[in-house]
K.L.:
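Input: one structure, supplied below.
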Number of protein chains: 2
Amino acid sequence: MQNLLSNLKITINEKLYVKDPETSELGRNILKNSILLMDEIGFEAFTFKKLGEKIQSNESSIYRYFENKHKLLVYLTSWYWSWMEYRMVFVTTNIANPVEKLEKAIKLVTENVADDHATPHINEEILNRIIVEEFTKTLMTKEVDNENKEGFFLVYKRVINRIIEIIKEVNPEYPFAKSLASSIVEGALHQHFLKNHLKTITNLSEKDCATDFYTDMAKKILL
Amino acid sequence: MQNLLSNLKITINEKLYVKDPETSELGRNILKNSILLMDEIGFEAFTFKKLGEKIQSNESSIYRYFENKHKLLVYLTSWYWSWMEYRMVFVTTNIANPVEKLEKAIKLVTENVADDHATPHINEEILNRIIVEEFTKTLMTKEVDNENKEGFFLVYKRVINRIIEIIKEVNPEYPFAKSLASSIVEGALHQHFLKNHLKTITNLSEKDCATDFYTDMAKKILL
DNA sequence: ACATATTGATAGTATTACTATTATATTTGC
DNA sequence: GCAAATATAATAGTAATACTATCAATATGT
């Protein structure tokens, strides 16, 4: 089956870039290699100069696409959550049973991620590692309130809102639907971080994912 | 009642500092004002130069206490979790009923924090804000595995392990005690972050704390 | 009073995070 | 096919950061 994404383009908030990187070879190269380089050396050590060397291009050319590395990271994470939202809609549409719908949504945000070949310049498996290791840094800045107003985190909130709605379908009486949904999405990332680095305080081991833990949690809380 | 902490000194991993800041006036001044300055301008904008100006001391003098701002932040967060552990032991000792014990432990890690006047140079209310906004940054670095080996996160893990043990007492059959404990501790910080910045995806509002949400969660999962 | 430790002041370095300018390709429009 | 527009590359430069090193001033302990 041909994946719909081959034809659809993921749209990202225009304020996140100076020039749309999806519209040129260099732009797509920046996206592809910024994912690889960030995964390799981490967000703190990542610089536009090093990225320029990696793609045999110039620092100044990269600045024509992105104002700074923070916005590039927000761009990449927005891309990830957009991709996640697209898959969530796909997987939950036409499912009549709300519990089944919730199970599918939870599975999606908690399972291990593999590359989606429909997007040749984005490796989702590696991008997922960046989300696990760096995503909270996009939020935890002194500019978060302004950036939130500018809509930088809309896609992320939309993914969580979709889960909130499903939770409400499953149990309209439950008073903490929002907190439960945001806990699952953020918590799953955190459990994956722990399984990689602080193994003694998580039950997940190397190849596990967080699906069982959160499915069990949601069912016991809501049913 | 005189708080025990007035007499007890919180011990921090020696690898986190060059010279123990609790042993001099300047050291305690660095601790006190680094908390104030980080809260004010955020960890990214925080520099030893600015801190030096704030305490009318010199950048180079601060470097004699801490190698860099990352280690200072790890020091402050270790201090916080030590203080939390001390209070947790205090609050859970001699409670026979495991469920009551768990409730008290959850309350402690999820409630809003007020200043503890037993520690004149540390303002715990402000330090808690720093934990909410910056704690994950101490973990999410490329050095996390080495620093974990050096014991930088021992106190944090110890707090979580105490909760794991209580969860096991409440329900020895539950298979995800570790993930549940780490979810509660990290998740509570995250919910507090959301209530301050991304209010639409949490049920907590301004003066709420995460206690009700997590107490309800733990009971439904374990009982 | 004198040795020792602590702090302060200054200077210096490499790197980062940009901005500006100019030159050189490449594309496109007619 | 050629001029005009656009994109990219190369270079230089600036202010700030994250330190290190040195030396002077001051306080403390015996």
Side-chain angles (χ1 to χ4, degrees), chain A residues 14-34 37-38 40-76 121 134 137-138 140-143 146-147, chain B residues 14-34 37-38 40-76 121 134 137-138 140-143 146-147:
Chain A
E14 289 185 10
K15 287 171 185 155
L16 288 173
Y17 51 79
V18 182
K19 183 186 166 174
D20 185 350
E22 296 270 7
T23 61
S24 76
E25 201 53 40
L26 177 61
R28 286 184 294 270
N29 227 260
I30 290 172
L31 297 181
K32 178 177 180 173
N33 286 282
S34 61
L37 187 57
M38 263 188 216
E40 204 181 304
I41 64 176
F43 182 68
E44 274 68 39
F46 176 94
T47 68
F48 282 179
K49 192 164 189 190
K50 288 175 190 164
L51 179 59
E53 280 157 28
K54 192 180 177 80
I55 63 177
Q56 314 224 73
S57 177
N58 198 277
E59 201 189 356
S60 63
S61 304
I62 299 165
Y63 275 104
R64 265 185 228 101
Y65 286 85
F66 292 100
E67 270 177 61
N68 52 53
K69 68 175 181 174
H70 169 73
K71 285 196 175 176
L72 169 56
L73 180 60
V74 179
Y75 181 99
L76 293 174
H121 59 296
E134 325 280 6
K137 293 177 196 167
T138 64
M140 304 211 165
T141 71
K142 276 284 160 184
E143 291 75 40
N146 284 327
E147 295 187 349
Chain B
E14 288 184 10
K15 286 169 185 155
L16 288 173
Y17 50 79
V18 183
K19 182 184 167 176
D20 186 350
E22 296 271 8
T23 61
S24 76
E25 200 55 37
L26 177 61
R28 285 183 294 270
N29 227 259
I30 289 171
L31 296 182
K32 178 177 181 176
N33 286 282
S34 61
L37 187 57
M38 265 189 216
E40 204 181 304
I41 65 177
F43 182 68
E44 274 68 40
F46 176 94
T47 67
F48 281 180
K49 191 163 189 193
K50 288 175 191 165
L51 178 60
E53 279 157 27
K54 194 180 175 79
I55 63 178
Q56 314 224 73
S57 176
N58 198 276
E59 201 188 356
S60 62
S61 305
I62 299 164
Y63 275 105
R64 273 187 213 102
Y65 285 85
F66 292 100
E67 270 178 60
N68 51 52
K69 69 176 179 172
H70 169 71
K71 286 196 174 174
L72 169 55
L73 181 59
V74 179
Y75 180 100
L76 293 174
H121 60 297
E134 325 281 5
K137 293 176 195 166
T138 63
M140 305 212 165
T141 71
K142 276 285 160 185
E143 291 75 40
N146 284 327
E147 295 186 350

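Computed from heavy atoms alone, side chains included, the values below leave out hydrogens, waters and symmetry copies. Predicted model, so just to flag it, every value in this text is computed and none were measured.
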K.L.:
So A:Y63, base contact, sugar-phosphate only, or nothing? Heavy-atom distance under 4.0 Å.
P.N.:
base
K.L.:
Take the angle between the ring planes of A:F46 and A:F48 and call it parallel below 30°, perpendicular above 60°, tilted in between.
P.N.:
perpendicular
K.L.:
Assess the residue pair B:L76 and B:M38 against the criterion (side-chain contact (heavy atoms from CB on, under 4.5 Å)); give the C-alpha distance rounded to whole Å, side-chain angles, the decisive distance to 0.1 Å, and a yes or no.
P.N.:
CA-CA 11 Å; B:L76 293 174; B:M38 265 189 216; 4.1 Å; yes
K.L.:
List the steps and the verdict of salt bridge (Lys or Arg N to Asp or Glu O under 4.0 Å) for B:E40 and B:K50.
P.N.:
CA-CA 12 Å; B:E40 204 181 304; B:K50 288 175 191 165; over 6 Å; no
K.L.:
I want to check something: taking the side chain as every heavy atom from C-beta on, are B:L26 and B:I55 in contact at a cut-off of under 4.5 Å?
P.N.:
yes
K.L.:
To the nearest Å, how far apart are A:I55 CD1 and D:dA9 C1'?
P.N.:
12 Å
K.L.:
Just checking B:S60: base, sugar-phosphate only, or nothing, at a heavy-atom cut-off of under 4.0 Å?
P.N.:
base
K.L.:
It should be established whether A:S61 places a side-chain nitrogen or oxygen under 4.0 Å from OP1 or OP2 of nucleotide D:dA9.
P.N.:
yes
K.L.:
Between B:N58 and A:E59, which has a closest nucleotide on DNA chain C that is more 5'?
P.N.:
B:N58
K.L.:
Is the closest side-chain donor-acceptor distance between B:E44 and A:H70 under 3.5 Å?
P.N.:
no
K.L.:
Taking C-beta and beyond as the side chain, do B:R28 and B:E25 meet within less than 4.5 Å on heavy atoms?
P.N.:
yes
K.L.:
Determine, stepwise, if the pair A:N29 / A:S57 fulfils side-chain contact (heavy atoms from CB on, under 4.5 Å).
P.N.:
CA-CA 10 Å; A:N29 227 260; A:S57 177; over 6 Å; no
K.L.:
Give a yes/no on whether any side-chain N or O of B:K50 is located under 4.0 angstrom from OP1 or OP2 of D:dA16.
P.N.:
no
K.L.:
Counting runs of three or more consecutive pairs, Watson-Crick or G-U wobble, with each distance below 3.5 Å, where are the stems of DNA chain C?
P.N.:
C:1-30 with D:1-30
K.L.:
Give the rounded distance in Å between these two atoms: CZ of B:F46 and P of D:dA16.
P.N.:
18 Å
K.L.:
Mapping A:R64 and B:L26 onto DNA chain C by nearest heavy atom, which one lands closer to the 5' end?
P.N.:
B:L26
K.L.:
Separation of B:E67 atom CD from D:dC19 atom P, in whole Å?
P.N.:
9 Å
K.L.:
If you compare all heavy atoms of A:F66 against all heavy atoms of A:L31, which two are closest, and at what distance to 0.1 Å?
P.N.:
CZ-CD2, 4.0 Å
K.L.:
How about A:Y75 and A:S34: does a side-chain donor come under 3.5 Å of a side-chain acceptor?
P.N.:
no
K.L.:
With a non-hydrogen cut-off below 4.0 angstrom, is A:K49 in contact with a base, only sugar-phosphate, or nothing?
P.N.:
nothing
K.L.:
Return the value, rounded to whole Å, for the distance between atom CD of A:E44 and atom P of D:dC19.
P.N.:
13 Å
K.L.:
Atom CD of B:E53 to atom P of D:dA18: distance rounded to whole Å?
P.N.:
14 Å
K.L.:
Walk along DNA chain C from 5' to 3' and tell me the first and last nucleotide with an atom closer than 4.0 Å to a non-hydrogen atom of chain A.
P.N.:
C:dT16 to C:dA20
K.L.:
Can you measure B:L51 atom CG to D:dA18 atom P for me and round it to whole angstrom units?
P.N.:
13 Å
K.L.:
Output yes when a side-chain donor or acceptor of B:K137 lies under 3.5 Å from a complementary backbone atom of A:M140, and no otherwise.
P.N.:
yes
K.L.:
Atom CZ of B:F66 and atom P of D:dT20: how far apart are they, to the nearest Å?
P.N.:
15 Å
K.L.:
Over all strands shown, is A:Y65 touching base, sugar-phosphate only, or nothing at heavy-atom distances under 4.0 angstrom?
P.N.:
sugar-phosphate
K.L.:
Rounded to whole Å, please give me the gap between CG in A:N68 and P in D:dT17.
P.N.:
15 Å
